[in-house]
Amino acid sequence: MLTIYNKKKEKKYGDDSPYGIFVDQAGYFTESRKTAVIPFETDIFAITDENGEKHFEGKATAFGHDDCSDDDIYIADFTDLKRPGSYRVTADGKTSALFHIGDTVYSRLLNDVSKAFYFMRCGMALEERYAGAFAHAKCHCSEAEMLAEGGFRKITGGWHDAGDYGRYVSSGACACAHLLYAFKLFPGVFAKQELGIPESGSGFPDIISECRYELEWLLKMQRDDGAAYHKETTMRHASFIMPERDNEQMYVFTISSSATADLCAVCALAASVFVHYDDEFAKRLQRAALRAYNWLEDHPEFVGFYNPAGCDTGLYAEESDVDNRYWAAAEMYSLTGEKRYQDTFRSLFKSPYFDGKTYIKLALGHGHIGGLGSLAYMMADREDRDNDVAQKIKDLLVSEAYWLRDKALKNGYGCTLEDYEYYWGSNMTVLHNGVKFILAHMLTGSREFYDCALEQAHVLLGRNAMGYCYVTGYGEFKPVHPHYRPTIADGVEPCIPGMVIGGPNHDLSDPYAKEIVPVGTPPMKCYADDERCYSLNEVAIYWNSPAVMLFAGIEALK
Ligand code: 9MR
Ligand code: ZN
């Protein structure tokens with residue numbers, strides 16, 4: 001194996017895990033199916049507690065060869081071990097990381113993946129009483145240059161997108177919508193949640209206050225005629241510095257029709273939530289959504305986005321806005337019940353754009369976002385809703401869930417991804433699939449889908465070919481060098497907990513990944529915990545947001 005050293009850590013690729021057996025390092029519910037993956041030939045495995053006392057012994061079953069990881073896999077099934085506690089799996093002198101059995105193994109995790117959005121806030125100081133050691137001064141408060149019309153405007157707030165400090169309308173709308181849907185679907189889980197953010201104790205659920213922080217910025221990103229500016233960033237990504245030290249000129253870039261549709265959709269969705277908490281704000285959201293929608297109708301042609309010369313910040317460019325418009329029409333119909341929106345939604349549902357690409361109707365963003373439109377229409381509580389269309393959407397979702405289940409059964413790690421699906425941010429796809437299982441479970445009542453959702457959580461949290469728990473702060477073996485500027489620059493030893501890492505990417509889309517990961521590495525192992533590797537080891541708001549949906553669903557329906 002090619003040996004290339006990561007200068008900072010003096011570690012080489014392939015030497016990563018000190019553990020030879022892979023488990024969900026957050027853990028397993030007492031009554032659920034529990035399996036570890038042993039990627040070598042073995043017979044008997046044991047489960048021991050922290051003192052080395054044995055609590056279970058079983059025979060590993062051969063699974064066969066797994067293509068995504070190139071591993072020969074044995075499965076250790078310890079479903080029958082139901083005693084709450086902390087354990088390791090051992091076999092042939094190898095061991096797993098510590099894991100837990102209990103009914104609250106994901107509770108803190110749900111809190112942390114939700115609180116991560118607070119740490120992403122731009123334009124305000126993160127105070128020590130909320131941010132602890134991760135406190136920092138306010139950032140990005142200067143005026144931005146308006147690239148299209150000239151002049152300067154102060155457009156502050158919102159969440160930093162990811163490891164970088166850019167703020168992008170489409171990605172922000174997508175992440176915010178996920179949080180809003182998590183809340184709409186599982187309000188009970190969030191009623192109890194205490195995130196320890198400045199708005200805590202205000203009487204609103206914390207997750208809703210967090211969404212408002214993003215929505216206030218999104219509203220500022222709308223042009224007077226209703227269109228939305230695509231993004232607000234500096235011309236080039238900042239170096240590895242704290243956000244308050246990033247004082248380069250910021251710019252508000254040109255508009256795009258995809259950003260406009262996304263802004264419309266998320267504002268309409270948010271209005272349907274805020275109407276129960278703050279009528280004034282709900283009205284503002286609804287007015288913004290309507291102005292965006294009118295602009296879309298007046299401009300049926302696709303308006304794409306391109307970076308101007310010299311700009312290297314994110315693109316989020318799309319090839320079409322049909323799915324974005326589909327989402328916008330669905331949310332507007334759900335909010336108002338007006339025929340105008342339903343007619344558009346129904347005609348877009350039949351659009352040739354979806355021919356041979358029906359999966360886009362279930363895609364949860366970023367990139368394709370039709371799934372949120374389908375969800376909105378399915379959940380629309382309107383008498384004149386076209387039940388035939390709603391039923392078709394349900395059927396699509398359930399058949400996709402069966403298809404995903406079958407894919408997971410064919411994978412040694414129980415992962416729904418096939419070898420070709422390990423592109424940039426593959427953990428997002430794992431999470432989306434988990435969310436689809438939760439939705440399919442809600443639609444059919446079939447427990448099997450709930451269990452499939454748990455299996456995707458297990459993959460994310462350590463039962464994968466690298467053995468990493470891909471959420472910062474969890475488990476004994478996890479990424480500690482994420483491509484996240486504050487973590488690199490803050491001088492604090494631990495990472496902010498609860499951030500979802502992009503994960504394996506067989507395209508190795510950055511120069512450092514190409515240098516570190518050997519040629520020919522199987523897709524599920526194309527990963528390195530190196531802060532330079534932005535295409536493997538970054539964090540992003542829309543990778544965290546499906547985690548909030550998934551773990552809220554897991555908690556609510558357990
Ligand atoms: O998540 C995005 C991924 O799907 C794309 O392949 C990649 C390249 O265009 O960009 C990713 O998004 C990044 C964005 O452009 C800027 N902020 C960080 C995002 C996560 O890496
Ligand atoms: Zn900032």
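All residue numbers in this chain count up from 1 along the given sequence. Order of appearance sets the numbers: ligands from 1, and atoms from 1 within every ligand.
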Does a side-chain N-to-carboxylate-O contact under 4.0 Å join Glu216 and Arg212? yes

Looking at Asp164, which atoms of ligand 1 are within less than 4.0 Å of one of its heavy atoms? 16 (C), 17 (N), 18 (C)

among protein heavy atoms, the one nearest atom 8 (C) of ligand 1 is Trp424 CZ3, 3.6 Å

min-distance protein heavy atom vs atom 21 (O) of ligand 1 -> Glu538 OE1, 2.9 Å

Under 4.0 Å to a heavy atom of Tyr168 - the qualifying atoms of ligand 1, by number: 16 (C)

Could you list the residues that satisfy side chain to side chain donor-acceptor pair (under 3.5 Å) with Glu418, not counting sequence neighbours? Lys407

Are Tyr316 and Asp161 linked by a side-chain donor-acceptor pair shorter than 3.5 Å? yes

Considering only heavy atoms of His366, which atoms of ligand 1 have at least one such atom less than 4.0 Å away? 1 (O), 2 (C), 3 (C), 4 (O)

Does one side chain, of Asp112 or Tyr474, offer a donor that lies under 3.5 Å from an acceptor on the other? yes

Atoms of ligand 1 close to Tyr542 [distance to a heavy atom under 4.0 angstrom, numbered from 1]: 1 (O), 2 (C), 11 (C), 12 (O), 13 (C), 19 (C), 20 (C)

Tell me the protein heavy atom at minimum distance from atom 13 (C) of ligand 1, and give that distance in Å. Tyr316 OH, 3.7 Å

Is it true that Tyr423 lies under 4.0 Å from ligand 1, counting heavy atoms only? no

Across all chains, not counting sequence neighbours, the ring pair (Phe, Tyr, Trp, His ring centres under 6.0 Å) partners of Phe117 are Trp159

Ala162 heavy atoms, cut-off 4.0 Å: which ligand 1 atoms fall inside? 17 (N), 18 (C)

Which residue holds the protein heavy atom closest to atom 15 (O) of ligand 1, what is that atom called, and what is the gap in Å? Gly314 CA, 3.2 Å

Please say whether the positively charged group of Lys361, taken as NZ for Lys or CZ for Arg, lies over the ring of Phe354, i.e. under 6.0 angstrom from the six-membered ring centre and within 45 degrees of the axis. yes

Check for me: within less than 2.8 Å of the Zn ion (ligand 2), which protein N/O/S atoms show up? Cys122 SG, Cys139 SG, His140 ND1, His160 NE2

Side chains of Thr416 and Gln456, donor plus acceptor under 3.5 Å: yes

Matching residue for Phe190 among Leu179, Val548, Leu195 - test: side-chain contact (heavy atoms from CB on, under 4.5 Å): Val548

Less than 3.5 Å apart, any donor N or O on the side chain of Ser258 or Asn324 sitting next to an acceptor on the other? no

Angle between ring planes, Tyr326 versus Phe349, binned at 30° and 60°: parallel, tilted or perpendicular? parallel

So between Ile541, Thr233, Asp161, whose heavy atom ends up nearest atom 16 (C) of ligand 1? Asp161

For residues 234-267, pull every pair meeting ring pair (Phe, Tyr, Trp, His ring centres under 6.0 Å), keeping only residues two or more places apart or in separate chains. Phe240-His483

